[in-house]
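Worksheet: one structure, shown below.
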Amino acid sequence: MREMAWIIPILPFAASMTLLFFGAALKRRLGEGVAWIGVAGIAATLPFSLGVLYELVTGAPAYHASIPWAPVGQRVLDIGYQVDALTAVMLAMVSVVATCIMVFSVGYMHGDDGYQRFFAYMSLFCAAMFLLVLAANFIVLYVAWELVGLCSYLLIGFWFHKPEAANAAKKAFITTRIGDLFFALGIFLIWRYAPSLSFEEAFRAAAAGAMTASVAGLAALLLFGGAVGKSAQFPLHVWLPDAMEGPTPVSALIHAATMVAAGVYMVARLSPLYWASLHEGVISGIPALTFVAGIGLITALLAAFIGLTQNDIKRVLAYSTISQLGYMMCGLGMGVIGFAAGVFHLITHAFFKALLFLGSGSVMHAMHDELDMWKMGGLGRRMPVTYWTFWAGTLALAGIFPFAGFFSKDEIIAAAYHMGHEEGRWIYFLGLEAGAFLTALYMGRLCFNVFSGQPRTETAEHAHESPPVMLWPLRILAFFAIILGWVGSPWVANNLFHHFLTETAPAIKEVHVGFNPAVAALSTAMALGGLLLAAAMYRWHVLSPDVLKRPLWAFYVASKRKCWFDELYTYTVVGATVLGARLAAKFDLAVIDGLVNLVGWGTRVIVAQVIRWFDLIVVDGAVNLAALATGWVGEAYSRLQTGRAQDYVTGLAVFAATLAAAAAIAVIWAELGFPLPWPW
C-alpha cells in the first residue's frame, strides 16, 4: 500500500475531471445520482489510506519515491512522494472525514443548480489535499498548496450570483496570497542553501551547517507566513469567518480536513527545520519557534474572545476553528515537547469540527438556511440525532472527558505547563486555560440557544430532522469525536498515537510530557465552568447576560465588532491599495497617456504635415508635370493630323527634300576634307 499511495490523489482527481467535462451529460442520464461519482472518488481512497496506516502501525518502514523532473544548472529538481507516520495519519483523517462530508452533501445540495459542479470542485479539493500530504519536496508541496487555495476560492464563491459569496471568495484568495508570498520566499531561500528542494536534503543541510541556524530560522519563519494565511492565524485570520458564505459542506471540508489543516500540517512536516534554529534568534533574538507559539497563543485567545458574541452559528464555529488552530500552532511552537500534541489535536479536531459544521448544516436544512441562533430554539426535541451528535462535537471541542478534545487539548496545555522557561510556560499555560474556558462558554451559548427552550420563530416550530443520508455521517463523526482521543491517552499502549507518530524522530520520545492529572483537572474545571456559566445564562436563565454585559461593555463591543480588524484593514491595507490604484490611474491618464498623446500629436502635426507637403508638391507635382508634358506633346502632334491627303504628301515631300539636302551637304563637307560629326 505504501508503494501505491500515489494512487490516492488520482482517484478524486479522476472523479473531478469526469464531472467537470461530462457532468452535464451524466446529470441528464443519472439525475442527481451523478453526485455519487464524486462520493465514489473519495470513498475509493479509504482502503488505500487505511491500508497505508495499517502497514505503518504494524511496523513497516517509511517509504520514499522520486523521479528527476528538470535540470537547473548543476542541480536537478525532483518530484516525488513519501509515506511515514505523519503522512499515514493525515491520509486516513482526510479520507474518512472527506467521505462523510461528501455523503452528507448528497442530501444537503439536493436541488441545487450547480449540483455536479459542486462535487467536481469538492473532489478536486480533496485531491489537492492528498497531494499536499504526500509531497516529499517543496515543488510538489507548493503545487498542491496553490491548488488548495484555488479550490477554496471556487467553493467559497460557489454561489457566485450572491455578492456576499463572490466578495468572500476574493477576500479569502487575496488574503491567503499574502501568506503565500512569504511561503514562496522561504522556498527560494532554501533553494539557495540546500542541494535540492527535497525535505530530507533541506533538513540535512540545516543539521550539517550548510544552512546556518539563522538561515534555517529565517526560512522557517517565511514558510510559517504561508501557514498564517492558509490556517487563518493572526493577523491574516479575517478571511475565514467570511468563508461561511459557501455551502456548509464546503465550510466543513475547509475547517476540518483541507485548507486550514494544510498550514498546520506544513509546520509539522517541516518541524526539523524549525528545531534547527531553536537556539538561534531570527528577529530581535527570538527563535522562529517562539514566533509560531506566540502567534498561536494570540490567535487562540483572540478568536475565542470574538466568538463569544457572534450570533451566526457558522461564524461561531469559524472563530472556534481559528482558536483551535491557534492551539495547534502553540503545540508545534513548543518544539519537540509539543509536536505530537499539536498533530494529535489536528487529527481529533478534524473529526469533531466536521461534525459541528455538518450539524449546523442539518440545522440550516431544517430552518430553511436560517443562521441566526436567536431565531431558533427548541430544536433538540425536533431534531434528536442532530441534537445529540452536535453535543458530542461540542463536548469534544470544549475538552470534556472522555471526548477526543480532552486528550489532545490537554496534552498541549500540559506541554505548555512543563516548558523549561518559567515565564514562557506560565504565559502559554494560563493563556491556553483561558482559551479553554472561553471555548466552552461560546459553544454552550450556541447549543443552548439553538436546541433548548422554546421555538422563537414559526420556522423553528415546524423544523424536522434531516434525511438519513445526512444523519449517518453525523453518527459516524460523533463516534470518532467520542472515542478517537483514547488512542492518545496514557491508558492505551502508553499513548499509542505519540509513539507511532514519533518513530521517525526518536528525540521527541525523550521529552514527552505524558498525562498530567493536575493539569487535566484544571483544564476540565475551566471547560465545565464555561459550560455552566453558559447554562446559567441561556438554559436556566438564572443569570442574565446583561449582568456581565454592563460592566464589561467595552469588551462586549470589541468582541461584537470583531476587534475592528475588518475596519482596520479597510482603512489601511484596502484603503492604501485603492488610493494607490487611483493615483496610478491618474498618473496613467495624465502622464503616460499624455506622453502617448503628445507623441501622437507631434506625429500628426509635424511628421504628417511634412509628408503631406512632400506628397502634394513633389510626388503630385512630378505626376502632374508628366501629365502636362504628355498633354503638350499630344496637342502639338494633334495639329499635324489634318485628315487631308495633300497635306500628308506635302509633308513627305518636304521631309524627302530635307534628307536630300542634308545628304548633299554631307557629301560636299566630306569632299572638302572636313570630318563628319557621325561615324557613318
Side-chain angles (χ1 to χ4, degrees), residues 16 20 109 112-114 117-118 120-126 128-129 132 142-184 225-255 258-263 299 303 306 310 312 314-315 317-319 321-322 325 357 369 371 561-585 588:
S16 174
L20 282 176
M109 297 299 293
D112 193 278
D113 292 337
R117 178 168 57 92
F118 173 84
Y121 291 167
M122 291 283 277
S123 299
L124 183 61
F125 206 175
C126 294
M129 188 62 192
L132 188 147
Y142 189 77
V143 170
W145 189 267
E146 295 302 330
L147 273 176
V148 167
L150 170 64
C151 294
S152 68
Y153 170 77
L154 295 174
L155 285 166
I156 294 169
F158 179 77
W159 289 319
F160 52 83
H161 56 276
K162 295 169 54 181
E164 299 85 0
N167 291 334
K170 289 184 287 186
K171 184 176 182 178
F173 192 77
I174 293 171
T175 304
T176 54
R177 293 288 75 71
I178 297 171
D180 290 354
L181 171 63
F182 293 100
F183 187 72
V228 169
K230 276 288 188 291
S231 292
Q233 297 293 283
F234 168 85
L236 299 181
H237 64 282
V238 292
W239 69 267
L240 194 56
D242 289 348
M244 300 304 97
E245 294 295 339
T248 300
V250 173
S251 303
L253 196 61
I254 288 176
H255 288 251
T258 53
M259 182 79 163
V260 298
T299 304
I306 296 174
Q310 304 305 306
D312 184 315
K314 286 177 65 177
R315 277 178 167 74
L317 296 177
Y319 281 107
T321 299
I322 297 172
L325 292 168
F357 267 106
D369 293 331
L371 286 167
R561 298 297 299 272
K562 297 173 284 189
C563 294
W564 297 280
F565 272 99
D566 286 329
E567 290 82 357
L568 175 65
Y569 287 142
T570 298
Y571 292 115
T572 55
V573 178
V574 177
T577 302
V578 172
L579 177 61
R582 288 175 177 169
L583 292 175
D588 179 66

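When a residue number appears, it is its place in the shown sequence, counting from 1.
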Atom [atom1] in [X], atom [atom2] in [Y]: separation rounded to 0.5 Å?
| X | Y | atom1 | atom2 | value |
| --- | --- | --- | --- | --- |
| M259 | L155 | CE | CG | 10.5 Å |
| T299 | L236 | OG1 | CG | 9.5 Å |
| F182 | R177 | CZ | CZ | 13.5 Å |

Kindly give the heavy-atom pair with the smallest separation between [X] and [Y], and that separation in Å.
| X | Y | answer |
| --- | --- | --- |
| H161 | P163 | O-CD, 3.6 Å |
| P241 | A318 | CA-CB, 3.9 Å |
| G263 | S231 | CA-OG, 3.1 Å |
| S251 | G246 | OG-O, 4.2 Å |
| C126 | L253 | SG-CD2, 4.0 Å |
| I322 | A232 | CG2-O, 3.4 Å |

task: For E164, enumerate each residue passing the salt bridge (Lys or Arg N to Asp or Glu O under 4.0 Å) test, keeping only those at least two apart in sequence or located in another chain.
output: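 Checked E164 against salt bridge (Lys or Arg N to Asp or Glu O under 4.0 Å); zero matches.
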Under 3.5 Å, sequence neighbours excluded: what are the donor-acceptor pairs made by side chains of residues 563-570?
unit_1, atom_1, unit_2, atom_2, d
D566, OD1, K171, NZ, 2.9
E567, OE2, R561, NH2, 3.0
Y569, OH, P235, O, 2.5
T570, OG1, D566, O, 2.6

List in chain and number order the residues that pass side-chain contact (heavy atoms from CB on, under 4.5 Å) with [X], two or more places apart in sequence or in another chain; answer none if no residue qualifies.
| X | answer |
| --- | --- |
| Q310 | I306, V316, Y319, K562 |
| Y142 | E146, F183, A184, I187 |
| F158 | M109, D112, R117, F118, Y121, P247 |
| L371 | D312, I313, K314, M364 |

query: Can you list the residues that meet the side-chain hydrogen bond (donor to acceptor under 3.5 Å, both in side chains) rule with S16, with sequence neighbours excluded?
result: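 Per chain and number, S16 pairs via side-chain hydrogen bond (donor to acceptor under 3.5 Å, both in side chains) with no residue.
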field: Listed partners of W239 passing side-chain hydrogen bond (donor to acceptor under 3.5 Å, both in side chains), at least two apart
entry: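 So W239 forms no side-chain hydrogen bond (donor to acceptor under 3.5 Å, both in side chains) with any residue.
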- request: Return each pair, listed once, that meets side chain to side chain donor-acceptor pair (under 3.5 Å) where at least one residue sits in residues 571-580; pairs must be two or more places apart or across chains.
  value: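 Sorted pair list comes back empty.
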Minimum side-chain heavy-atom gap [X]-[Y] below 4.5 Å:
| X | Y | answer |
| --- | --- | --- |
| L317 | H255 | no |
| D242 | R315 | yes |
| S152 | T258 | no |

Pairing residues for F173 by the ring pair (Phe, Tyr, Trp, His ring centres under 6.0 Å) criterion, not counting sequence neighbours: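 In terms of ring pair (Phe, Tyr, Trp, His ring centres under 6.0 Å), with neighbours along the sequence ignored, F173 is linked to Y153.
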